[in-house]
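Computed over heavy atoms, backbone and side chain alike; hydrogens, waters and symmetry mates excluded. One-based numbering along the sequence shown. Just so you know, these numbers come straight off a predicted model, no measurement behind them.
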Amino acid sequence: MTHPRPTTGTPAAGKQGPQGPPAPSLALTPPPTLHAHLTTHLAGAARAWLDQALDEAAAHPGTHGPISVWELRLAEAGRRCGSGYADAARVLILHAARADADALTRVYSQGTGAERRAVLHALPHLVPGPDALPLVEDALRANDTGLLAAAVGPYAARHLDPHQWRHAVLKCLFTGVSVSAVADLERRAHADAELARMLGDYAAERTAAGRPVPEDLYRVLALTESGSTPPPHGDAHPHGKES
């Protein structure tokens, strides 16, 4: 399998090069692959900072006192690595710190929007069960489209119940987040008559109000048909963490 480049945005502090992939790939790309790409694309000072931050996190994993050293490094990542690589750097730091559900909850509750986004990307790498589901549920209630796109990744695909998952898909349509961000969409939407009903109701509401119906709605609606064979279960669970 060829993994996409693991960053988004403009490589402000790294070498000038190609843009990174859409945000969901951070949750699907194994940490060693993320690290290899950052090592390739970051400039010397940023690369040295990242290596030190990862070493510190590995040497002092978990939470320590009011704030751990690796938590401070999460806050520095944008300035040190540039906005184009900060999300991937934060995911790597969380992984090196072996952050569990409690530590991730602390970072999420106290962090900036960017740090919250990194936590959501890191969930499938770090939390095997549904313990961190409240973080996904919180992000789905927000109006931050970046958080929403991160929230509907593979962890949500694995753990959201059908009712929550359907409403997450509708929230993407409401807010203009591309449904390409929704992990395991084909499998979960397959033959889902209730989702098809909800989509039809939303399309009818938009049409009655003289508003255009999002093209993504028709894409999801087609997936709800029962004629095709759904993808095998498990496509959204990277490198066997969630089994």
Side-chain angles (χ1 to χ4, degrees), residues 5-14 19-29 31 34 38 42 46 49-50 53-54 57 63 66-97 99-127 131-157 159-160 164 167-183:
R5 289 185 302 275
T7 57
T8 58
T10 302
Q19 299 282 326
S25 66
L26 291 177
L28 293 168
T29 306
L34 289 178
L38 288 188
L42 289 177
W49 176 87
L50 178 62
L54 296 178
T63 53
I67 190 166
S68 302
V69 172
W70 59 265
E71 292 177 83
L72 295 174
R73 301 299 174 251
L74 295 175
E76 296 176 12
R79 177 166 55 88
R80 298 286 192 167
C81 297
S83 60
Y85 299 99
D87 279 2
R90 292 186 182 104
V91 170
L92 289 174
I93 292 168
L94 290 168
H95 189 268
D100 60 12
D102 289 340
L104 292 168
T105 298
R106 181 164 103 168
V107 172
Y108 184 92
S109 63
Q110 298 177 357
T112 64
E115 290 159 17
R116 290 183 173 196
R117 189 171 61 240
V119 166
L120 295 168
H121 289 316
L123 291 180
H125 301 295
L126 294 170
V127 184
D131 295 351
L133 197 53
L135 305 184
V136 173
E137 293 167 347
D138 179 83
L140 291 175
R141 290 191 293 269
N143 292 319
D144 183 328
T145 55
L147 279 184
L148 179 57
V152 292
Y155 191 82
H159 295 296
L160 282 180
Q164 291 175 308
H167 280 276
V169 173
L170 265 291
K171 183 72 176 280
C172 288
L173 296 174
F174 296 158
T175 59
V177 171
S178 172
V179 296
S180 63
V182 181

Would you say the side chain of [Y] lies within less than 4.5 Å of the side chain of [X], judging by non-hydrogen atoms?
X    : Y    : value
C81  : L38  : no
W70  : L54  : no
L160 : L140 : yes
H159 : V136 : no
E71  : V107 : yes

Nearest non-hydrogen partners of [X] and [Y], listed with the distance:
X    : Y    : answer
L135 : V119 : CD1-CG1, 3.9 Å
R90  : A114 : NH1-CB, 3.6 Å
L120 : A151 : CD1-N, 4.0 Å
L26  : H125 : O-NE2, 3.0 Å
R116 : S109 : NH2-O, 3.6 Å
Y155 : D131 : OH-N, 3.4 Å

(Q) I'd like to check the side chain to side chain donor-acceptor pair (under 3.5 Å) partners of D144; sequence neighbours left out, ordered by chain and number. (A) none

(Q) Run the side chain to side chain donor-acceptor pair (under 3.5 Å) test against T175 and tell me which residues pass, sequence neighbours left out. (A)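 By the side chain to side chain donor-acceptor pair (under 3.5 Å) rule, T175 matches no residue at all.
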
